[in-house]
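Working notes for the structure below.
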Amino acid sequence: MGCTAVTVSPRLANLVSWDSDWAGLRVVVTGIGVSGFAAADTLIELGARVVVVDAATSDTARAHADTLKIVGAADVLLGPDAVTHIPRIDGELPELIVTSPGWRPDQALLAAAARAHIPVWGDVELAWRVRTREGRKTADWLAITGTNGKTTTVGLTESMLRAAGLKAVAVGNVGTPILDALRDPVEYDVFAVELSSFQLHWAESVSPVASVCLNVAEDHVDWHGSYDSYLADKAKVYERTQKACIYNAEQVETERMVENADVVEGCRAVGFTTVTPAISMLGVVEGLLVDRAFIEERRNSAAELASMADLGPLAPRHMVANALAAAGLVRAYGVDAKAVRQGILDYVPGDHRIQPVARMNGVLWVNDSKATNPHAASASLSAFSNVVWIAGGLSKGVSYDELVRDHAARLKAVVLIGTDTTHLREALQRHAPDVPVIEPEAGETEGVQTASASGGTSGGSPGKGERVMSWAVASAARIAESGDTVLMAPAAASMDQFSSYAHRGGTFIDAVRELVEGQAHTGEE
């Protein structure tokens, strides 16, 4: 599809604050979900001429469209045809596209924008450019990315900042759009910003005070086109960092990202490790989380930050790493050691991440629905032995060979869910041929008693996903014995059978609770 080339508006380079001249700027916003709605609403408030497009025609999309029209959108176009070409605004091509993070660069409208030399920003780039506003405090940014652990780390970072008496909020990919926080009446001191690889792809000028890439592993290859492209987008978190680039000293890829980053002069490289730290690192010594980076005496001593026990009864290695990464960010920002420990103690972990659900007949049932890729599932499996593993789902083009090979010895059995388990099943056959693999027979899940999805989203409804999970829990219960752990860590996305990872986790919790209640009624203990 061709498109007439246009000259990029010279105004864009000067759009660097809320008070810049946004009036009349022609902008197309792609996506009418949470981030797209926030971007459109903000641009309308700034005086831009905004057209919003989305393939969705759901009631939610139509409600958002009605709201945006009321507040001044030039137009809102819904339906599959709306996203195949660049819409004109007042008879002219747009000067800017602001895209929601899930939209792939090769999507038809975005590809047409590239051919027409129309700049594309993400919602994070827009937020960075409007972050300063006359008469209001400008919040500093601490930026967090990684294949896994982002939400935990951003939550810990927020908690530590608040323990230090700062007005802080977790924003970005964690759920609250940065643009919404910028327009909040509260004037925040600092944002703990969770950034996905999608958001980083569309960001070009963000300059955080401190930044971290927690880890990297093969993920979202279908979106980025290759693992190398995925790594390149993750590495953008370090660009223009002002004070400290925090990296995972146990993963050389993140250290290389820091070495290659174009940072502000004087910015430090600070590693974190789950073993004894070298100088200018954070790490663990005799069960204590310690800092050898942000103290004057770092050559021959370390500052105690917290203890492993402060992280709770289940503190797997990756949780320790997340806490150290968060500590590195806030220490770079100037938070004292006492607030780091208090922040850890105050932090309440979110649901669906290594969440103990029940212990029955000596069997521990654990919900890790948020393990949506092999790297996350590996971290979860590492925390347990004698595992009955419930796994499978939408694979996103990744390989399962390394995951199965590394954990074959701890698997007692595997219960497969998901509409296409081919890749995971083949990896199990190659690397764990003696481990029993249970799959539903044709029609076996159709008559299973459904559970209410208390953890589901508004878009979820009882259906095949609930029946499959009830079957999976019942199958696991027949295998598990005292001393075993039944771990639901799918290593895949949820959207093939569930509305979200939370919906999937909710069905697991409900199915386990039904099982517990059923055994209680029969007198089993």
Side-chain angles (χ1 to χ4, degrees), residues 33 55-56 58 60 80 100-104 107 147-148 196-198 217-224 230 351-353 367-378 380-381 389-401 403-404 414-429 437-448 450-476 486-512:
S58 65
T60 300
S100 297
W103 287 51
R104 289 167 49 152
Q107 190 277 336
T147 301
N148 296 299
S196 69
S197 58
F198 307 155
E218 191 179 38
D219 197 17
H220 299 301
V221 174
D222 52 349
W223 195 97
H224 293 274
Y230 172 72
D351 291 341
H352 312 297
R353 191 70 181 103
N367 167 32
D368 196 0
S369 186
K370 203 168 185 183
T372 59
N373 56 56
H375 190 260
S378 179
S380 193
L381 284 164
W389 182 29
I390 299 176
L394 196 63
S395 68
K396 299 181 290 184
V398 302
S399 168
Y400 291 103
D401 288 298
L403 172 67
V404 175
V414 180
V415 179
L416 291 182
I417 59 175
T419 57
D420 184 0
T421 59
T422 304
H423 296 305
L424 181 52
R425 187 193 319 110
E426 290 175 349
L428 288 162
Q429 289 169 350
V437 176
I438 297 94
E439 295 187 78
E441 299 290 340
E444 187 174 358
T445 60
E446 296 306 313
V448 175
T450 63
S452 62
S454 63
T457 66
S458 58
S461 61
K464 184 170 183 178
E466 282 77 0
R467 290 192 292 274
V468 167
M469 191 60 75
S470 292
W471 166 85
V473 165
S475 299
V486 177
L487 173 65
M488 201 271 289
S494 59
M495 285 80 75
D496 57 342
Q497 293 178 316
F498 304 90
S499 62
S500 65
Y501 76 80
H503 180 205
R504 179 172 60 189
T507 66
F508 176 77
I509 292 169
D510 285 342
V512 172

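Values below: every heavy atom of this structure, side chains too, minus hydrogens, waters and symmetry copies. Just so you know, these numbers come straight off a predicted model, no measurement behind them.
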To the nearest 0.5 Å, tell me how far Ile390 CD1 sits from Arg504 CZ. 11.0 Å
Of the non-hydrogen atoms in Ala371 and Ala376, which two are nearest, and what is the gap between them? CA-CB, 3.6 Å
Specify the closest pair of heavy atoms between Ser494 and Ser500, including all atoms of both residues, with the distance to one decimal. OG-C, 2.9 Å
For Ser369 and Asn367, test the side chains for any donor-to-acceptor distance below 3.5 angstrom and give the result as yes or no. no
Would you compute the distance between atom CZ of Phe198 and atom CZ of Arg104 and round it to the nearest 0.5 angstrom? 9.0 Å
So Thr507 and Met488, do their side chains get closer than 4.5 Å, heavy atoms only? no
Can you see which heavy atom on Lys370 is nearest to which on Tyr501, and at what distance? CE-OH, 3.6 Å
So, using salt bridge (charged side-chain N to carboxylate O under 4.0 Å, His left out) as the criterion, who are the partners of Asp401 when residues are at least two apart? Arg430
For Tyr400 and Ser395, the nearest pair of non-hydrogen atoms, with its separation, is OH-CB, 3.4 Å
When rounded to the nearest 0.5 angstrom, what is the spacing between CG in Asn148 and OG in Ser380? 10.5 Å
Rounded at 0.5 Å granularity, tell me how far CD1 in Ile417 sits from CZ in Phe498. 5.0 Å
Can you name the nearest heavy-atom pair linking Asp496 to Gly418, along with the distance? OD2-CA, 3.3 Å
From the list Val415, Leu381, Leu416, Val486, side-chain contact (heavy atoms from CB on, under 4.5 Å) with Trp389 holds only for Leu381
Determine the minimum heavy-atom distance between Ala489 and Ala377, stating which atoms define it. O-CB, 3.9 Å
Whether the Gln497 and His503 side chains hold a donor-acceptor pair (N or O, under 3.5 Å, no angle test) is what I'd like checked. no
Taking atom types as modelled, find out whether Thr147 and Tyr230 have a side-chain donor-acceptor pair closer than 3.5 angstrom. yes
Step by step, would you call Asp368 with Leu487 a side-chain contact (heavy atoms from CB on, under 4.5 Å)? CA-CA 7 Å; Asp368 196 0; Leu487 173 65; 4.2 Å; yes
Heavy-atom distance under 4.5 Å between the side chains of Ser378 and His375, does that happen here? no
